[in-house]
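Since we're looking at a predicted model, the values are computed, not measured. Chain letters run A, B, ... following the sequence lines, proteins first, then strands; residues in each count from 1.
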Amino acid sequence: MKRIAILSLASYVAMTSLVMAASDPHGEDAKGGLPQFEPDWFASQIFWLAIAFAVLYIFFTNKTLPDISAVIDNRKNHIQSDLETAEKLAAEADQVQQIYHTSLAKAQDKASNELKKVENDMSKAAEEAAEEYRARSEKELKKAEAKILQAQDLAMDDMNSIAAEVASAAVSKIIGGKADVKKAKSIVESLNQKTTSKAKAA
Amino acid sequence: MANPIHQFEIYSLTENPFMVGGLNLSFTNSSLWMAIAVVLSTVFLTLATRRKALVPGRAQVFAESLYEFVAGMIRENIGSKGRQYFPLIFTLFIVVLLGNMLGMLPYSFTYTSHIIVTAALAFMIFFVVVLIGIGKHGFHFFSLFLPPGVPMWLTPLIIPIEIMSFMIRPVTLSVRLFANMIAGHIMLKVFAGFSVGMVAALGTTGLLAGAFPLLFNTILIGFELLIAFLQAYVFAILSCIYLKDTVEIGH
């Protein structure tokens with residue numbers, strides 16, 4: 001594009017120079033010396049340059065430059081405020097995330113606490129039940145043992161009286177005469193006690 | 001062959017000369033192109049910034065980058081105190097740039113190829129520097145002519161040299177622009193003249209031979225467009241460097 005523009009401009013320049021050269025009425029017979037050094041036009045040049053410069057200076061100072069700087073400042077401010085808004089939103093998002101995390105942690109804590117509590121309750125109930133069962137079964141056992149002991153005593157007592165009766169019957173049969181059952185019984189009992197204490201000592 | 005100097009001739013566009021106090025202030029072809037530059041720049045910049053869009057269009061981007069370009073030039077060469085000179089440098093840059101660029105149009109007139117115009121601009125900068133410098137710093141402004149750290153015995157040599165280099169500034173500034181413009185335009189005209197001359201002298205074969213200067217002229221025009229921009233930039237940046245002396249004196 002640029003190259004085409006320059007090329008077309010160049011050919012245009014060449015063509016116009018051609019035309020100008022053909023139509024130039026005073027080609028060779030121009031005055032000698034550069035027109036730049038003819039003082040006749042100095043005043044006019046300076047005068048019109050000053051006007052042009054002044055007009056541009058006043059126009060640029062009052063219109064163009066404030067306009068452009070306003071646009072640039074406006075854009076800068078806009079970008080700045082956008083950046084600030086973005087920062088604020090990011091901070092807010094962070095805060096929300098933090099709140100979410102803390103509430104999540106709290107909920108987890110609560111859940112695990114409750115779970116623990118339920119577990120504790122359950123194990124306590126189970127322990128209590130087990131304890132109660134044990135106590136009851138121990139009591140039953142003791143009662144049964146006492147019963148057995150009683151039965152044993154009773155049986156022992158019976159055995160002693162049977163032994164005394166047998167002994168007295170044997171005495172009366174052997175020596176003929178009446179034997180004292182009560183005496184025999186006390187003897188048996190003392191014997192019996194001796195053996196049991198011996199057994200206990202053993 | 002066309003006279004390559006003819007393009008620089010000035011003529012009045014009015015029948016009767018506009019005389020003020022014995023001075024001929026007629027509206028000339030040069031004045032016309034200055035007026036065209038004024039109208040073109042104001043209309044373009046006004047239209048470009050008319051919408052004040054947050055997301056700029058093509059013209060607005062151009063206007064904004066022109067603004068940023070000049071602002072950056074001032075920031076880098078004068079510093080933050082250079083803001084007061086912003087409209088001056090901006091106007092100067094536009095005037096010189098449009099003078100150079102409009103001069104590239106066929107049949108146009110390059111007002112920056114006239115030494116009196118470039119000298120007027122350069123002396124304006126010179127006087128701004130001197131007047132604001134003295135107004136702001138008073139007599140201290142002249143310490144500009146004695147750079148810091150110069151040995152005592154060198155001062156009789158250094159001070160005249162510094163004064164000379166200060167005084168020569170507007171001359172070099174104006175001659176640089178004027179010479180660049182006039183040389184480029186003469187060269188374009190001469191090469192175009194070669195093409196025409198060959199056609200005139202050799203007829204049909206000359207058409208073929210004349211293509212070579214034409215090709216060269218095509219390259220030259222690209223080069224001249226670069227020079228047109230570059231010289232406007234150099235003019236503006238040197239003005240910035242000279243104006244820097246008014247905001248801070250090194251010692």
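Across every non-hydrogen atom of B/S26 and A/S44, the tightest pair is O-OG, 2.8 Å. Closest non-hydrogen pair, A/T61 versus B/P87, comes out as OG1-CB, 3.7 Å. Taking every heavy atom of both residues into account, B/M34 and A/A52 meet most closely at CB-CB, 4.1 Å. Heavy-atom minimum distance, B/A53 versus A/V71: O-CG1, 3.8 Å. Considering all non-hydrogen atoms of both residues, B/L25 and A/W48 come closest at O-NE1, 2.9 Å. Closest of all the heavy-atom pairs between A/I68 and B/A63 is CD1-O, 3.8 Å.
Only the backbone of B/Y11 has a heavy atom closer than 4.5 Å to any heavy atom of chain A. Looking at B/L92, the atoms closer than 4.5 Å to chain A (heavy atoms on both sides) sit in the backbone and in the side chain alike. With a 4.5 angstrom heavy-atom cutoff, B/A35 does not touch chain A via any of its atoms. For B/F8, the parts sitting under 4.5 Å from any heavy atom of chain A are the backbone and the side chain alike. Both the backbone and the side chain of B/F27 come within contact range of chain A, each with at least one heavy atom under 4.5 Å from a heavy atom of that chain. With a 4.5 angstrom heavy-atom cutoff, A/Y57 touches chain B via backbone and side-chain atoms both.
Distance check, rounded to the nearest 0.5 Å: CG of A/L49 to CD1 of B/I116 gives 9.5 Å.
Contacts of B/S30 classified as side-chain hydrogen bond (donor to acceptor under 3.5 Å, both in side chains), with partners at least two apart in sequence or in another chain: A/Q45. Remark: A/S112 pairs with no residue by the side-chain hydrogen bond (donor to acceptor under 3.5 Å, both in side chains) rule, at least two apart or across chains.
Among A/F53, A/F37, A/F42, the residue making the largest number of heavy-atom pairs under 4.5 Å with chain B is A/F53. Ranking A/L65, A/I79, A/D67, A/T64 against chain B, the residue ahead of the rest is A/L65, based on heavy-atom pairs under 4.5 Å.
A donor-acceptor contact shorter than 3.5 Å is absent between the side chain of A/W41 and the backbone of B/N24.
Below 4.5 Å, heavy atoms of chain A meet heavy atoms from B/F178, all part of residues 172-180 of chain B. For residues 135-163 of chain A, a heavy-atom distance under 4.5 Å to chain B picks out no residue at all.
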Could you go through the side chain to side chain contact (heavy atoms under 4.5 Å, CB included) check for B/K52 and A/N74 one step at a time? CA-CA 9 Å; B/K52 295 191 174 59; A/N74 184 27; over 6 Å; no
Taking it one step at a time, do A/F60 and B/I94 satisfy side chain to side chain contact (heavy atoms under 4.5 Å, CB included)? CA-CA 10 Å; A/F60 288 159; B/I94 294 287; 3.9 Å; yes
